[in-house]
There are 2 protein chains.
Amino acid sequence: MTDPAPGLNAEQLGAYFALIEVSSLLQYAVDEHLRADGDLSFVQFQILARLVDAPDGRLRMTDLADGLVYSRSGLTYQVGLLDKRGLIARSASPDDERSVMVTVTAAGRDLVAHVLPGHVDRVRQLLFEPMTGTDLATLGELLGRVRDHMRATPPRSAKPRARRDRTA
Amino acid sequence: MTDPAPGLNAEQLGAYFALIEVSSLLQYAVDEHLRADGDLSFVQFQILARLVDAPDGRLRMTDLADGLVYSRSGLTYQVGLLDKRGLIARSASPDDERSVMVTVTAAGRDLVAHVLPGHVDRVRQLLFEPMTGTDLATLGELLGRVRDHMRATPPRSAKPRARRDRTA
DNA sequence: TATTGTTATACTCTATAACTATA
DNA sequence: TATAGTTATAGAGTATAACAATA
């Protein structure tokens, strides 16, 4: 900072900070709405949304953990909360007895449907209102590319379970 | 989702999700590094970075709270932690007796300097590696515009203190 | 032996509300 | 009365490690 910073120029720094700030503000606004309108945290909403999107509304715990930047125990905790509220159901997987299938219930789908319009409103108002169609296409392509790079590159949240060499 | 979602088309949805995912992965990686290399959370690093950037390395608590999406008490807590470690110092403001000036200490500057190269490395590797120069310029301009829009538009984190009508 | 998931636990963080002091 | 900041408190969330069960 101050003087350009060793390695990132001013332009890069600006883009980096803007990204952090934009996503923070967006998540803050979206989280606030989800809690008020559906008593859901953003993480819980993401879990439900993924399930609604999945074939038959079902995913294994592991499939859920991937994609969400999340520890296994954290996911168990959140899924447990959703389970208590009857928004999802857990069942044994037929193929692999170790796995747990998570399925959205009708109530879960209803809640997502209830919450989605307002959610989308906020996103549109905050994120997309100041964009042109060209902006949108550019941003989507670019961020998609970056995401793939991040997912592919090096250390993922889905890091090997048994390793503890986190330098910490 | 599934069917385009009421109000956001597939392209918008993709950009939205990519943004959330990219910033989550980035923050996760960056946070991990900061903790390992400097025992700092991302929030703490942001506080220090803002101070290092400020004239005379000083800002009022209120100035710090703006910009960071943060409650006042949360900021007091984090600044308190930094204070205990001798990375910042607090003092009364000469002009306004109510205000508290926060100043980075030499130790704080040293720590930022120590941590910055690795921090920047991660950001560059994850975020900027898959970008062209044009991409960078575009992204910076676009996100800057969106940020200004978000800051200007409606409800900010710096929301009026005395209001409690949060629909909650 | 590796993988899936849960649990127990300990801790960090965050927000709300009440409070003090100054403008 | 409004603003700046702190504190007490209480709760949500997260991660680590240990554990059970299946592959």
Side-chain angles (χ1 to χ4, degrees), chain A residues 24 27-28 31-32 34-36 39-47 59-66 68-85 88-102 157-168, chain B residues 24 27-28 31-32 34-36 39-47 59-66 68-85 88-102 157-168:
Chain A
S24 293
Q27 284 199 41
Y28 185 91
D31 194 79
E32 188 179 52
L34 290 172
R35 284 180 195 281
D39 195 25
L40 288 173
S41 69
F42 189 41
V43 175
Q44 290 165 359
F45 173 74
Q46 287 184 96
I47 293 172
L59 287 174
R60 295 183 314 148
M61 288 291 285
T62 295
D63 299 327
L64 276 174
D66 296 341
L68 305 176
V69 182
Y70 231 63
S71 70
R72 284 160 187 277
S73 65
L75 182 61
T76 297
Y77 171 74
Q78 293 293 347
V79 167
L81 293 181
L82 296 175
D83 197 350
K84 274 181 201 153
R85 293 176 60 185
I88 60 97
R90 281 182 279 197
S91 58
S93 165
D95 1 308
D96 189 333
E97 288 294 325
R98 294 171 306 182
S99 292
V100 169
M101 299 296 305
V102 183
S157 84
K159 52 188 168 278
R161 190 88 159 298
R163 295 177 60 208
R164 74 187 58 282
D165 58 1
R166 305 184 68 211
T167 317
Chain B
S24 293
Q27 284 201 40
Y28 186 91
D31 195 78
E32 188 179 53
L34 290 172
R35 285 180 195 281
D39 195 26
L40 287 174
S41 69
F42 189 41
V43 175
Q44 290 165 359
F45 173 75
Q46 287 184 96
I47 292 173
L59 287 173
R60 296 184 313 147
M61 288 292 284
T62 295
D63 299 328
L64 275 174
D66 296 344
L68 303 177
V69 183
Y70 231 63
S71 70
R72 285 160 186 276
S73 66
L75 182 61
T76 296
Y77 172 74
Q78 293 294 346
V79 167
L81 293 181
L82 296 175
D83 198 351
K84 274 183 201 154
R85 293 176 59 185
I88 61 98
R90 280 181 279 196
S91 57
S93 166
D95 0 307
D96 188 334
E97 288 293 325
R98 295 171 303 180
S99 291
V100 169
M101 298 296 305
V102 183
S157 82
K159 50 185 170 289
R161 189 91 161 292
R163 294 178 61 209
R164 74 186 57 285
D165 59 359
R166 305 182 68 210
T167 317

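Because only heavy atoms are used, hydrogens play no part in the values below, and waters and symmetry mates are left out as well, while side chains stay in. Each chain gets a letter, A, B and so on, in the order the sequences are listed, and its residues count up from 1. Given the structure is predicted, the values throughout are model-derived calculations rather than measurements.
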Which pair of non-hydrogen atoms, one from A:Arg90 and one from A:Gly80, has the smallest distance, and what is that distance?
NH2-CA, 3.6 Å
A:Arg72 side chain near D:dA15 phosphate (N/O to OP1/OP2, under 4.0 Å)
no
Rounded to whole angstrom units, what separation is found between the CG atom of B:Asp83 and the P atom of D:dT6?
10 Å
For B:Ser99, which contact category applies under a 4.0 Å heavy-atom criterion: base, sugar-phosphate, or nothing?
sugar-phosphate
Taken to the nearest whole Å, CG/B:Leu34 to P/C:dT12 is 17 Å
Starting from the 5' end of DNA chain D, give me the residue, B:Met101 or A:Ser73, whose nearest nucleotide shows up first.
B:Met101
With nearest nucleotide decided by heavy atoms, which residue, A:Ser71 or A:Glu97, maps closer to the 5′ end of DNA chain D?
A:Ser71
In whole Å, what is the span from the CG atom of A:Leu75 to the C1' atom of C:dT7?
14 Å
Could you state the interatomic distance from CD (B:Gln78) to CG (B:Leu40), rounded to the nearest 0.5 Å?
10.0 Å
What is the distance from CG of B:Asp39 to C1' of C:dC11, rounded to the nearest Å?
13 Å
So, using side chain to side chain donor-acceptor pair (under 3.5 Å) as the criterion, who are the partners of B:Ser24 when residues are at least two apart?
none
Nearest to the side chain of B:Val100 - C:dT3, C:dT6, D:dT6?
D:dT6
Among C:dT6, D:dA21, C:dA21, which nucleotide has an atom closest to any side-chain atom of A:Arg90?
C:dT6
Nearest-Å distance, CG (A:Asp31) to P (C:dC13)?
18 Å
So what does B:Thr76 touch, heavy atoms closer than 4.0 Å: a base, only the sugar-phosphate, or nothing?
base
dist A:Ile88:CD1 -> A:Leu82:CG (nearest 0.5 Å) comes out at 6.0 Å
Rounding to an integer number of Å, can you tell me how far B:Met61 CE sits from D:dG5 P?
6 Å
Quick one: A:Arg98 CZ to C:dT4 P, roughly how many Å, whole number?
6 Å
Under the side chain to side chain donor-acceptor pair (under 3.5 Å) test, which residues partner B:Asp39, sequence neighbours left out?
none
Taking N and O atoms by type only, does the side chain of B:Thr62 place a donor or acceptor under 3.5 Å from a partner on the base of D:dA4?
no
Listing time: all N or O pairs from protein to nucleotides 10-13 of chain D that are below 3.5 Å?
residue: D:dG13; atom: OP1; partner: A:Arg35; partner atom: NH2; Å: 3.3

Write down the atom of B:Leu75, the atom of B:Ile47, and the distance for their closest heavy-atom approach.
CD1-CD1, 3.8 Å
Quick one: A:Ile88 CD1 to C:dG5 C1', roughly how many Å, whole number?
13 Å
Run B:Arg35 and B:Asp31 through side-chain contact (heavy atoms from CB on, under 4.5 Å) and show every step you take.
CA-CA 6 Å; B:Arg35 285 180 195 281; B:Asp31 195 78; 2.7 Å; yes
